[in-house]
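Written below as structure tokens is the structure these notes are about.
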Amino acid sequence: MPGLRYLRRLPEQITLLQLGPEPEPPPCLYRYQSLGPLQKSKVHPTAMMNEYSAWNPGLESDIPPPYQQMETIYRPENVSSRFPDVAEASKQTGLNPRELVVFKPERLMLHELIIRVTASVVVPEGHDETELGRNFRQITSTILKHSIQPRMEEVTDAYDRLNTEVRDRVSHELIDSLFTTPEPQAVRKRFFFRGFFQKAESSPSHQESILEREYRVIATFKEKGLAANEPFSRVVYKGLYRILGLIAGTRGYLGPDRDFLIDMVSNYVCNSYGSRVVGGVIAPWVDKAIAEQGYSRVSYADNPILVSLKGASAAGKSSLRPMLKRMMSEKGMRTQGYMTISPDIWRRLLLDYHSLGEAFKYAGRLTSHEVIIIDTKLDLYLREQASQRGSIPHLLVDRFRFDSFSSEGISRILHDTYVKYVDTMYMYFVITPPHATVERGWERGLTTGRYKSVEDFLDHSVEAYTGIPKMLFKWLACDRPVFRYEFLDNSVPKDTFPRTVAYGTRKELSIIDCKVLLEIGRYQKINIRARAPEEVYPEADPSVAGSMGFLRQCIKRIPRVSFIDEATGVTYAGTHRGKFQIIDAAMFTEKLGDRQLAEIFELLTSGSS
């Protein structure tokens with residue numbers, strides 16, 4: 001598979017994407033033809049967009065085949081691997097293609113620069129939610145242009161040296177273990193029916209099979225990696241174990257193609273460890289640039305606070321930042337001293353949207369794999385920094401990632417990631433009706449150039465509302481960090497702060513509007529193939545009883561639950577260890593005038609389902 005080999009590059013100039021104020025769409029679109037030259041189309045973008053709407057956006061859930069090679073992880077200016085070779089390697093290994101592409105050192109440098117600006121520089125946000133992205137790209141562009149680009153040859157030379165060293169080491173390991181004629185080995189056989197305590201017999205004539213040898217060698221690489229003391233050996237053995245193990249597990253054997261195995265392992269190591277080497281080269285240049293440009297540095301905290309926004313795609317998380325900024329200030333956090341992780345703002349550094357022609361609505365999808373790669377590297381970088389410093393900065397995390405609502409790894413997160421250094425976590429669950437995410441997402445696309453299909457928005461809503469209860473209860477079951485959370489109803493007019501409908505700790509939950517909490521169960525059962533708002537919700541008049549699951553779980557798992565009147569702040573009812581209590585009889589009776597509330601309380605007091 002020669003296309004996966006590392007290719008020696010000619011000197012090339014890094015093209016800076018246009019930054020600062022986002023440019024308007026060009027007067028005409030360009031048709032992209034299989035990575036060939038762009039050709040003009042006579043279709044004007046305004047006329048094209050007039051044909052579409054939120055519920056008819058003109059794009060599919062999957063990237064159409066003609067556009068797939070336009071993904072940033074396949075474009076020849078970014079990688080030395082070829083699209084068909086990566087697809088074949090994915091079949092051979094079972095690995096996601098994003099782990100198999102071979103990034104050029106120039107691209108790895110951009111990844112590492114994005115990581116360091118995110119982790120080190122306080123980027124001004126402004127009042128417009130898009131201003132954070134513009135400022136981030138301007139800072140990154142300035143550092144790249146003045147401090148890194150003039151010394152790019154040093155980066156490529158360091159990568160070339162590493163690439164040679166990795167390939168030599170991987171080749172040596174494979175030749176010594178798999179591609180030499182083995183000495184005959186005696187295999188000890190055990191015979192169950194001769195008794196548990198009878199000694200095993202040796203069979204000196206037994207020759208280890210090729211398959212047995214391959215699996216033994218793979219296991220040996222794992223043992224060597226765990227025993228290795230220096231980073232280079234660890235990553236080489238990890239690459240050998242992981243890639244060879246996946247190949248053997250996927251097709252049942254490794255095979256005799258030595259060059260293929262060397263390429264696969266070396267590319268994997270160079271993509272991961274190579275990125276760290278490149279990051280080490282540019283690190284002092286970035287630090288010097290931050291000082292010279294007068295950028296404010298993120299400060300590490302004695303008692304770090306993590307603010308995490310959780311909600312569906314286009315639920316309005318980013319628009320909440322002004323509210324959160326005020327909240328953070330009230331909690332004593334210096335409002336310009338915290339780190340913001342918002343991967344969406346990286347996309348325009350990775351791709352020139354206006355070069356896409358008729359594929360422009362797929363710009364978000366075309367950068368998605370690379371954003372995930374950088375986001376994963378950022379997590380590893382933050383973990384290393386936290387381990388060295390014994391602390392982290394205050395963090396505001398605004399990301400929708402496909403594992404954002406995974407609760408299976410919370411114990412691992414507390415032990416193996418930077419989150420173990422967090423003193424207090426504030427988690428905000430944003431509740432936005434799924435049909436509204438479709439419409440908000442369309443409006444966002446018109447502003448940012450990042451679109452999604454209707455089915456994607458609705459499917460993300462199902463994922464979010466299914467994951468929110470799991471995530472809440474997993475964190476409630478942990479002893480640390482200090483955990484506070486709020487549920488925010490974002491079915492409010494644009495430019496209006498959402499309404500707090502519930503808030504709590506591990507010991508107590510205060511509910512202001514329990515009807516909104518019931519929507520979490522309802523939104524798990526929507527029709528993701530809807531093509532109009534009224535088609536999203538299968539039940540025109542949803543059953544209260546069918547949506548009580550989340551509220552019942554809260555009452556079961558949280559020792560004290562209080563129902564509070566929004567206008568007066570008076571607690572009129574509640575539960576203590578699951579037992580329902582009426583606290584203010586007059587107000588409780590008044591609440592029963594609301595038909596839905598009356599049904600909710602009847603179900604709670606009767607124990608009906």
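Basis for what follows: all heavy atoms, side chains included, without hydrogens, waters or symmetry-related copies.
Donor-acceptor pairing under 3.5 Å is lacking for the side chains of D344 and S342. Judged purely by distance below 3.5 Å, without hydrogens or angles, the side chains of T250 and Q92 never pair a donor atom with an acceptor atom. Side-chain contact of T505 with R484: a donor-acceptor pair under 3.5 Å is absent, judged by distance alone. For the 3.5 Å distance criterion, the side chains of H576 and Q581 fail to qualify, holding no donor opposite an acceptor. If you check the side chains of S387 and R383, you find no donor sitting under 3.5 Å from an acceptor.
Proximity of a side-chain donor or acceptor of E486 to a complementary backbone N or O of Y428 within less than 3.5 Å is not detected. Of the possible donor and acceptor atoms, none in the side chain of S90 sits under 3.5 Å from a partner among the backbone N and O of V86.
Here the shortest heavy-atom pairing between D375 and W346 reads N-CZ3, 3.6 Å. Closest non-hydrogen pair, V544 versus L518, comes out as CG1-CD2, 3.7 Å.
Salt bridge present: E384 and R276 bring a charged side-chain N and a carboxylate O closer than 4.0 Å. Ion pairing of R499 with E566 is present here, as a side-chain N (NZ or NE/NH1/NH2) and a carboxylate O approach within less than 4.0 Å. A salt bridge links R522 with E519: at least one charged nitrogen is closer than 4.0 Å to a carboxylate oxygen. Salt bridge annotation for R444-E439: absent, with no cationic side-chain nitrogen under 4.0 angstrom from a carboxylate oxygen.
The distance between the ring centers of H435 and Y537 falls below 6.0 angstrom.
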Check residues 586-594 and write down every donor-acceptor pair under 3.5 Å in which the side-chain atom is one partner and the other belongs to a residue at least two apart or another chain.
| from | atom 1 | to | atom 2 | distance (Å) |
| --- | --- | --- | --- | --- |
| T589 | OG1 | A585 | O | 2.9 |
| K591 | NZ | D565 | OD1 | 2.7 |
| D594 | OD1 | Q596 | N | 3.0 |
| D594 | OD1 | L597 | N | 3.1 |
| D594 | OD2 | K515 | NZ | 2.8 |

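Take H111 and apply the ring pair (Phe, Tyr, Trp, His ring centres under 6.0 Å) test, not counting sequence neighbours, and it matches F103.
Under a cut-off of 6.0 angstrom, the local environment of NZ in K377 is crowded, with over 12 non-hydrogen atoms contributed by other residues, nucleotides or ligands. Annotation for R529: atom CZ does not count as buried by contact number, only 12 or fewer foreign heavy atoms lying within 6.0 Å. Environment of OH in Y241: sparse, with no more than 12 heavy atoms of neighbouring residues, nucleotides or ligands closer than 6.0 Å.
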- Item | Verdict with supporting geometry, R440 and N490, side chain to side chain contact (heavy atoms under 4.5 Å, CB included) | CA-CA 11 Å; R440 289 169 182 259; N490 207 27; 3.5 Å; yes
- Residue pair I373, I73: steps toward the side chain to side chain contact (heavy atoms under 4.5 Å, CB included) verdict: CA-CA 10 Å; I373 290 168; I73 64 168; 4.2 Å; yes
